[in-house]
S.K.: 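Can you keep this structure in mind? I'll have questions shortly.
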Amino acid sequence: MIAFLRGKILEADGESAVVDVAGVGYQVLVSASTAAALSLAGAAADTQLWVHAHFVKDEPLRLYGFTEVSERALFQTLISVQGVGPRVALAILAGIAPGELVRAKILDLPAAKIVASAPAPTPSARPSGPLGEVYGALIQLEYKPAEIEPVVAALDPTRPVADLMRDALAAFKRK
């Protein structure tokens with residue numbers, strides 16, 4: 001299992017980075033805060049990333065990288081929640097400061113308690129596709145279906161899930 005990488009940044013595009021570790025280039029999907037840190041450091045900078053290796057059957061192994069081990073732990077907690085995958089977890093991390101998530105007791109609760117405490121959506125109310133992923137993530141964050149439905153209905157389903165999640169969380173902050 002890959003847990004840590006140290007090397008030079010060959011390229012970074014805001015969503016991923018290629019890290020040269022002893023002549024091997026690892027593509028790592030990064031959080032928004034890690035992307036910002038990498039862009040400040042610039043190309044060819046030495047970096048170290050705490051990595052979560054994620055494998056889903058019939059898909060390639062994906063590496064998710066974080067400059068802080070605590071952010072990786074928060075990411076791993078989020079993806080342990082049923083219905084929250086890596087893309088949605090990155091979107092949540094981009095939309096809510098890690099300190100706010102910790103204050104909301106997410107790290108103190110085992111994943112089973114988070115899932116058990118979330119109200120189950122009615123089958124007819126839950127959209128499918130990218131909007132369904134956002135809906136499920138918001139349910140896991142303990143928003144009520146009545147709060148979620150108008151926000152999700154206003155989203156553009158052709159946009160990436162991370163952007164949709166960011167927009168949904170921003171809509172809740174405005175309320």
Side-chain angles (χ1 to χ4, degrees), residues 1-112 114-115 129-130 132-138 140-141 155 158-170 173:
M1 185 65 67
I2 300 169
F4 181 82
L5 294 173
R6 179 179 292 138
K8 292 198 180 298
I9 298 296
L10 297 179
E11 92 182 46
D13 66 7
E15 293 181 3
S16 67
V18 177
V19 182
D20 178 352
V21 179
V24 177
Y26 292 90
Q27 182 180 27
V28 183
L29 299 164
V30 295
S31 69
S33 62
T34 298
L38 295 178
S39 70
L40 288 175
D46 282 327
T47 193
Q48 54 188 27
L49 295 175
W50 294 95
V51 175
H52 171 82
H54 190 79
F55 179 74
V56 177
K57 186 178 178 181
D58 299 328
E59 290 186 19
L61 174 70
R62 290 195 173 92
L63 302 177
Y64 294 86
F66 309 90
T67 53
E68 301 293 327
V69 70
S70 58
E71 188 177 26
R72 180 186 67 176
L74 188 51
F75 172 83
Q76 290 170 327
T77 299
L78 287 170
I79 65 171
S80 71
V81 175
Q82 184 179 358
V84 178
R87 291 185 304 168
V88 171
L90 286 178
I92 291 170
L93 290 174
I96 300 175
E100 287 182 47
L101 283 174
V102 172
R103 280 191 296 281
K105 303 295 184 189
I106 286 178
L107 287 181
D108 296 339
L109 295 175
I114 295 171
V115 172
E133 287 187 49
V134 172
Y135 187 97
L138 292 171
Q140 297 305 322
L141 290 172
L155 298 175
T158 62
R159 297 186 58 220
V161 172
D163 293 344
L164 294 172
M165 193 65 198
R166 218 174 281 122
D167 292 347
L169 291 170
K173 280 187 177 180

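This one's a predicted model, so the numbers in the text were calculated from it and none came from an experiment.
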S.K.: To the nearest 0.5 Å, how far apart are OG1 in T67 and CG in L38?
M.R.: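 Taking OG1 in T67 and CG in L38, the distance rounds to 7.5 Å.
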
S.K.: Rounded to the nearest 0.5 Å, what separates atom CG in L49 from atom CG in L5?
M.R.: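 Between L49 CG and L5 CG, I get 6.5 Å after rounding to 0.5 Å.
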
S.K.: I92 and L169: which non-hydrogen atoms are nearest, and at how many Å?
M.R.: CA-CD1, 4.0 Å

S.K.: Run the side chain to side chain contact (heavy atoms under 4.5 Å, CB included) test against A91 and tell me which residues pass, sequence neighbours left out.
M.R.: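 Partners of A91 by the side chain to side chain contact (heavy atoms under 4.5 Å, CB included) criterion, ordered by chain and then number, come out as A162, M165.
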
S.K.: According to side-chain hydrogen bond (donor to acceptor under 3.5 Å, both in side chains), who are the partners of T34, at least two apart in sequence or on a separate chain?
M.R.: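 For T34 the side-chain hydrogen bond (donor to acceptor under 3.5 Å, both in side chains) partners, ignoring immediate neighbours, are S31.
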
S.K.: Work out which heavy atom in D20 is nearest to a heavy atom in G23; give both atom names and the distance.
M.R.: OD1-N, 2.8 Å

S.K.: side-chain hydrogen bond (donor to acceptor under 3.5 Å, both in side chains) with E68: which residues, sequence neighbours excluded?
M.R.: none

S.K.: Who are the side chain to side chain contact (heavy atoms under 4.5 Å, CB included) partners of D13, not counting sequence neighbours?
M.R.: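 Once residues adjacent in sequence are excluded, the partners of D13 under the side chain to side chain contact (heavy atoms under 4.5 Å, CB included) criterion are E15, S16.
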
S.K.: What heavy-atom pair brings G25 and V18 nearest, and what distance separates the two atoms?
M.R.: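 Shortest heavy-atom separation between G25 and V18 comes out as CA-CG1, 4.1 Å.
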
S.K.: May I have all residue pairs that pass salt bridge (charged side-chain N to carboxylate O under 4.0 Å, His left out) and include part of residues 74-94, sequence neighbours excluded?
M.R.: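 Residue pairs passing salt bridge (charged side-chain N to carboxylate O under 4.0 Å, His left out), neighbours aside: R87-E133.
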
S.K.: What are the two closest non-hydrogen atoms of I9 and A17, and how far apart are they?
M.R.: CD1-CB, 4.4 Å

S.K.: List in chain and number order the residues that pass salt bridge (Lys or Arg N to Asp or Glu O under 4.0 Å) with R159, two or more places apart in sequence or in another chain; answer none if no residue qualifies.
M.R.: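 Expected list: D163, D167.
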
S.K.: Hey, could you give me the CG/CD1 distance between L63 and I2, rounded to the nearest 0.5 Å?
M.R.: 5.0 Å

S.K.: Test side chain to side chain contact (heavy atoms under 4.5 Å, CB included) on L74 and L93 and set out the steps.
M.R.: CA-CA 8 Å; L74 188 51; L93 290 174; 3.6 Å; yes

S.K.: Hey, is K8 close enough to D46 for a salt bridge, meaning N to O under 4.0 Å?
M.R.: yes

S.K.: Could you pull out all residues at least two apart from V24 that satisfy side chain to side chain contact (heavy atoms under 4.5 Å, CB included)?
M.R.: Y26

S.K.: How many angstroms lie between atom CG of L164 and atom CG of L155, to the nearest 0.5 angstrom?
M.R.: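 Here the rounded value is 5.5 Å.
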
S.K.: With rounding to the nearest 0.5 angstrom, report the CZ to CZ distance, F75 to F66.
M.R.: 4.5 Å

S.K.: Show me the donor-acceptor pairs, under 3.5 Å and distance only, between side chains in residues 50-57 and residues at least two apart or in other chains.
M.R.:
| unit_1 | atom_1 | unit_2 | atom_2 | d |
| --- | --- | --- | --- | --- |
| H52 | ND1 | Q76 | NE2 | 3.1 |

S.K.: Does a side-chain heavy-atom distance below 4.5 Å link L78 with L90?
M.R.: no

S.K.: Could I get the full list of side chain to side chain contact (heavy atoms under 4.5 Å, CB included) partners for A35, not counting sequence neighbours?
M.R.: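 With sequence neighbours excluded, A35 shows a side chain to side chain contact (heavy atoms under 4.5 Å, CB included) to V30, given in chain and number order.
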
